[in-house]
Amino acid sequence: MTTFALVDCNNFYASCEKLFRPDLRHVPLVVLSNNDGCIVARSKEAKALGIKMGVPLHQVKDQLAYHNVAVFSSNYALYGDISNRVMETLAALAPAIEIYSIDEAFLDLTGVSNCMNLTEFGFQVKNTVQKNVGIGVGVGIAPTKTLAKLANHAAKQYPATQGVVDLTAKARQEKLLKLMPLKEVWGVGRKLCTRLQAQGIETAWDLANQNPKTIRQKYSVVLERTVRELNGESCLSLEEIAPPKQQIVCSRSFGTRITQLSDMQEAVANHVARGAAKLRHEQQRCKHISVFIHTSAYNPKEPHYSNHASFQLPSPTNDTRILLTVANRLLKHIWQDGFNYARAGIMLSDFYPKGMEQALLFESPSTFESRPKSAELMQLIDKLNQSKIGQIFFARQGIENNWKMKRQRLSPSYTTDWKQLPWVR
DNA sequence: TCTGGGGTCCTAGGACCC
DNA sequence: TCTGGGGTCCTAGGACCC
């Protein structure tokens, strides 16, 4: 029988911020989304104050000030580095690991129970991560991923568990499923929850007792799998190797609204440069690019405009210069004067790994693929930009970037920049 | 005034083929 | 008057996840 563990970091972004600020150890703390827009992470103390996930900052500003809550912009350089440390620690402890998100990993524990008590193993994982990295985690253990998720949720919700729940015993599964509301089940979102509740399905246990075939007919094959997984039948396996990406999206809201085409051209060029660098990092080339722009979705008084345009390249590329040219043309196509734009982005898709592209039948040394030394140049750019020597960029990306996102409360990159190492006095 | 960003998978429906 | 049936591929949109 299969056994999985789900290890999930507690309040991950908030915990990362506290790691280098012992003075904030017991202080309520929140982390903001990009552009300092909404609350995306809360420390335990902040949760206790009733600060909700996802609320816009401006709605709770007074409340935060009143309770002296520490507020941070999101610092992905820091979180990414701490995440790597957690994952390395987990990889050393378990037979196999699937990194599921920045703060979560599934472990394959099949067979581990032959030599060790699973709850004990869970505490070993928890204590090792705490000791090596300083981040608290919860551990849920069960025969399927969906049950492991639920076990993990229980580990966090019930202090008596001390952060580890072993759900391999059938009787414990039943007990927990009956306690868990439907919305806590992995794969049941808001829409499904409403539909299922209309059928009288209220708890995880109710869902587990549905007929899988009927669920497939009325809903989808995805929900059928969920039902089976809740019953201990493993349908989702551990994916140790991340499948190659199928698309790359780069988009941002602006710190201040954009009204001029020239500013928008800069912003889009920056997204393209980031996207192309990601593409090269994945060792892929893309044949499809699209550009989108839109005004704020939240202001009903302002005129609303949203549009996108895309282009199929004659042959796959990861050359920033080509993508910049195409993106700029697409942007001009959809640009309309007279709006306050809130957001723009680009999407790259239709990927071809190196060496897989189809040669052109009527090869013409046109503007597209006649770039000598393209690979060498891109490699050089990436190398420079990854080094700490300095950044180079294309003129179209602009210098001032007045529209740049707000990050007014950014913490230092303690672990990824020599100049920002924390001092111990 | 002020509301994130980046992904995946599945399905339905249309276009097209023979 | 009465106009098939079966298949593939692609895309857009919806749902979900963190």
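- The NZ atom of K245(A) sits 17 Å away from the P atom of dC18(C) (whole-angstrom rounding).
- Using a 4.0 Å heavy-atom cutoff across all strands shown, R407(A) reaches no nucleic acid atom at all.
- Within 4.0 Å (heavy atoms only), R216(A) reaches no atom of the nucleic acid at all.
- Both S220(A) and M53(A) lie close to DNA chain B; mapped to their nearest nucleotides by heavy-atom distance, the more 5′-ward contact belongs to M53(A).
- Taking atom NE2 of H153(A) as the reference point, atom P of dC18(C) lies 11 Å away to the nearest angstrom.
- Between K419(A) and D417(A) there is no salt bridge, since no side-chain nitrogen of the basic residue lies less than 4.0 Å from a carboxylate oxygen of the acidic one.
- Between dC18(C) and dT3(B), the distance separating the two P atoms is 25 Å to the nearest Å.
- The K149(A) side chain lies nearest to dC18(C) when the options are dG4(B), dG7(B), dC18(C).
- When heavy atoms are screened at a 4.0 angstrom cut-off, N35(A) is found touching no nucleic acid atom at all.
- Counting non-hydrogen atoms under 4.0 angstrom, V221(A) reaches the backbone sugars and phosphates but no base.
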Each nucleotide in nucleotides 9-16 of chain C should get exactly one letter: B, S or -. Can you fill that in based on protein heavy atoms under 4.0 Å? ------SS

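- What separates CD of Q59(A) from P of dC2(B) is a distance of 13 Å, to the nearest Å.
- Nearest heavy-atom pair, A267(A) versus I258(A), reported as atom, atom and distance to 0.1 Å: CB-CD1, 4.2 Å.
- Rounding to whole angstrom units, NE2 of residue H304(A) and C1' of dT3(B) are separated by 14 Å.
- Across all strands shown, the partner of dT8(C) is dA15(B), judged by Watson-Crick or G-U wobble contacts whose two distances both fall under 3.5 Å.
- If you check the side chains of K47(A) and N11(A), you find a donor sitting under 3.5 Å from an acceptor.
- Between L6(A) and V139(A) the shortest side-chain heavy-atom distance does not fall below 4.5 Å.
- Residue contacts shown for Q247(A) include a base, since a base heavy atom lies under 4.0 Å away.
- Looking at the side chain of V249(A), the nearest of the listed nucleotides dT3(B), dC18(C), dG6(B) is dG6(B).
- Taking side-chain N and O atoms only, S251(A) has a distance below 4.0 Å to OP1 or OP2 of dG6(B).
- Comparing D36(A) and I248(A) by the nucleotide of DNA chain B whose heavy atom lies nearest to each, the residue mapping closer to the 5' end is D36(A).
- Counted by atom type alone, T295(A) and H304(A) present one or more donor-acceptor pairs between their side chains at under 3.5 Å.
- Rounded to whole angstrom, the span from the CD atom of E98(A) across to the C1' atom of dG7(B) amounts to 14 Å.
- The side chain of R257(A) contributes no N or O atom lying less than 4.0 Å from OP1 or OP2 of dT1(B).
- Atom CG of L279(A) is separated from atom P of dG7(B) by 11 Å (rounded to the nearest Å).
- Distance CD (Q246(A)) to P (dT8(B)): 5 Å, rounded to an integer number of Å.
- With respect to the salt-bridge test (charged N to carboxylate O, under 4.0 angstrom), the residues D382(A) and R280(A) qualify.
- A salt bridge does not link R21(A) to E17(A): none of the charged nitrogens lies less than 4.0 Å from a carboxylate oxygen.
- Using modelled atom types, one finds a donor on one side chain and an acceptor on the other under 3.5 Å when comparing Q265(A) with N328(A).
- Between the P atom of dT8(B) and the CD atom of E239(A) lies a distance of 12 Å, rounded to the nearest Å.
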